[in-house]
Amino acid sequence: MAASPRSPRVSRSAGALALASEWPSASRINRSWLADEARHVTGLLDDYSLSTAQRQAIQSQAMHLVEAVRDNREDKGGLDAFLHEYDLSSEEGIVLMCLAEALLRIPDADTADRLIADRLASGHWEEHLGTSESLFVNASTWGLMLTGRLMRPSSETMKNPTRMMKNLATRAGEPVLRTAMRQAMRIMGHQFVMGRDIREALKRGQSKDNRQWRYSFDMLGEAALTDEDADRYFEAYAQAIDATGGAADKAVDMAARPSVSVKLSALYPRYEFLHAEAALEALGERLLSLAQRACAAGIALTVDAEEADRLELSLRIFERVYRDASLTGWGGLGLAVQAYQKRARDVVAWISELSADVGETIFVRLVKGAYWDTEIKRAQEQGLPGYPVFTRKVCTDLSYLVCARDLLQAPASVYPQFATHNAHTVASILELAGERAFEFQRLHGMGEELYGELARLPKAPACRVYAPVGRHKDLLPYLVRRLLENGANTSFVNRIVDEQAPIEDIVADPVAQLRALKAIPHPRIGLPAEMFAPSRRNSSGMNLADPAVLAGLSTDMQARTLARAQPLIDGKAREGVAQPSVNPAHRAESVGEAIDANAAMASE
């Protein structure tokens, strides 16, 4: 069993304030954290200039890819087709998410049964029957609804499935119903998850149909809440590295071998900037231990991207491990960069400079980002002066293209990995790359048709599959993120298989779309201060994950004068015996003094 380094205990405020100005790169990377969206996007537009010939070539290639996907689609569809049929804009898509919640999280059978009974009867399932050519969709329609498995539907049932569902729901207490529903969700989970454990995932990746892809394995699970959680995740990552390294072909380049992805939030329960000193110590040690293990196994290890307030901390930890002398000559450490963050381009520039300075390869996975809803809501709740992410998807598309171009122009020690399911983005990268070595990435279960067409090109680029590994009970958080990211009826994953969606709209140039807008920020997503407009302004807060804000706050606190509180009677301050007022979190610290009113004052 791998030994997981233990978590240090460090004062919260002392750790954050001590590190507030320690990292020279912080001011550059964070300068666009909450930048004005219109000004920021305008700068990207001015800097991203392509010739007319390049734009035409990109458009032609993108249209060809979408047309080929639609012409050559097999009758299996997979997850793309399922997302199209049950997107989150439909009542049934929401019902299925409720079922997933019941079946994958609710521990007691009675509660799960009652929720199943309620939700099964509420969907308009008849509207979906026979509307998709995908066998998977139709099988899921009846498989999830138990008709194709438990009974052969009669002609009357086929005409009125809603009545059948209500009748079926009355029997929801039967164990066979619950068992069958759980099995149906496992079948659905199989489309999302590569395997229940790393060995099963490796075996599936080596099967005949999957050998054309490279793989990066991700252990399912969310943030660690305790040290015991962190130890368990550390052990899972260690086992995955060992197994993946054992299955890797050492005769091929590192870039062509399977790899493992890790989440820092799974390795330490207080992975946040206000616990920066402790997090740097614990996560630096744990990530280094896993990196050394990956180095010995001969595979790459990529650090996944998470929420915006963890970005700077993740970069500090990454740099500390990347510069460690024990990893000299390995060249297998990787980092994910989220293009929907306004800081993305500065992060790419920082990576380029870091790799040029050290000389070891950095694998850079460029993604668009999977926490958009969370980032918007957090900024509103905290009353921040802006958003860390773009409010329009088309702005993210542009940011992705600019970052992709920067990566393709970076030093040779940077190996670009482009994670996308968008045909226009794919075509743009093919046009911009020239002879530069790179790879595409896609999610397991998504984008198979698009990358199947890419594989037919004369100089087919390599493609890696980001493959989740874990038990189905750990699926729900990952499933929710994937559906939020790709399940809406405006997503590319959804629209590419929608024959009714015009190809010209699907492959529209984001530059042209942005230049045609009257206002760049989304008109229905006002700044956090405007959240309750016009009735009132939202309360304002501070971005406490920004070291510049913390440093300014610390300066203001040091310069403050001790407060003095006195009773006011008839508008006049009264004197009396002053008592010290202390900081309840640090009682040795006095913040001022207070004079209490006495009975004589009150009776005047």
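On a predicted model such as this, the values are computed, not experimentally measured, just so you know.
- Among all heavy-atom pairs drawn from Ala243 and Ile198, the shortest one is CB-CG2, 3.8 Å.
- Under a 4.0 Å N-O distance rule, the pair Arg293/Asp242 qualifies as a salt bridge.
- Using bins of under 30°, 30° to 60° and over 60° for the plane-to-plane angle, the ring pair Phe217/Tyr215 lands in the parallel bin.
- Of all heavy-atom pairs spanning Pro468 and His444, the tightest one is CD-CB, 4.0 Å.
- Classification of Lys203 and Glu200 as a salt-bridged pair fails, no side-chain N sitting under 4.0 Å from a carboxylate O.
- A donor-acceptor contact under 3.5 angstrom links the side chains of Gln341 and Gln338, judged on distance only.
- Sequence neighbours left out, the pairs with a member in residues 333-363 that pass ring-ring contact (aromatic ring centres under 6.0 Å, His included) are Trp23-Trp350, Phe363-Tyr415.
- Residue Glu306 forms a side-chain contact (heavy atoms from CB on, under 4.5 Å) with just one option from Leu311, Thr374, Leu264, and that option is Leu264.
- Counting only N and O atoms by type, the side chains of Ser413 and Glu360 include no donor and acceptor under 3.5 Å apart.
- Looking only at atom types and distance, the side chain of Gln441 has a donor-acceptor partner in the side chain of Arg365 under 3.5 Å away.
- In terms of heavy-atom proximity, Ser261 sits nearest to Asp218 at O-OD1, 4.0 Å.
- Here the shortest heavy-atom pairing between Ile429 and Leu408 reads O-CD1, 4.3 Å.
- Surrounding CG of Asp253 are at most 12 heavy atoms belonging to other residues, nucleotides or ligands under 6.0 Å away.
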Side chain to side chain contact (heavy atoms under 4.5 Å, CB included) between Val337 and Val367, intermediate numbers included: CA-CA 6 Å; Val337 177; Val367 302; over 6 Å; no

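- With 3.5 Å as the limit, one finds a donor-acceptor pair spanning the side chains of Thr425 and Lys368.
- Taking the six-membered ring where the residue is Trp, the centroids of His40 and Phe390 are separated by under 6.0 Å.
- For residues 41-61, the set of pairs meeting the ring-ring contact (aromatic ring centres under 6.0 Å, His included) definition, not counting sequence neighbours, is empty.
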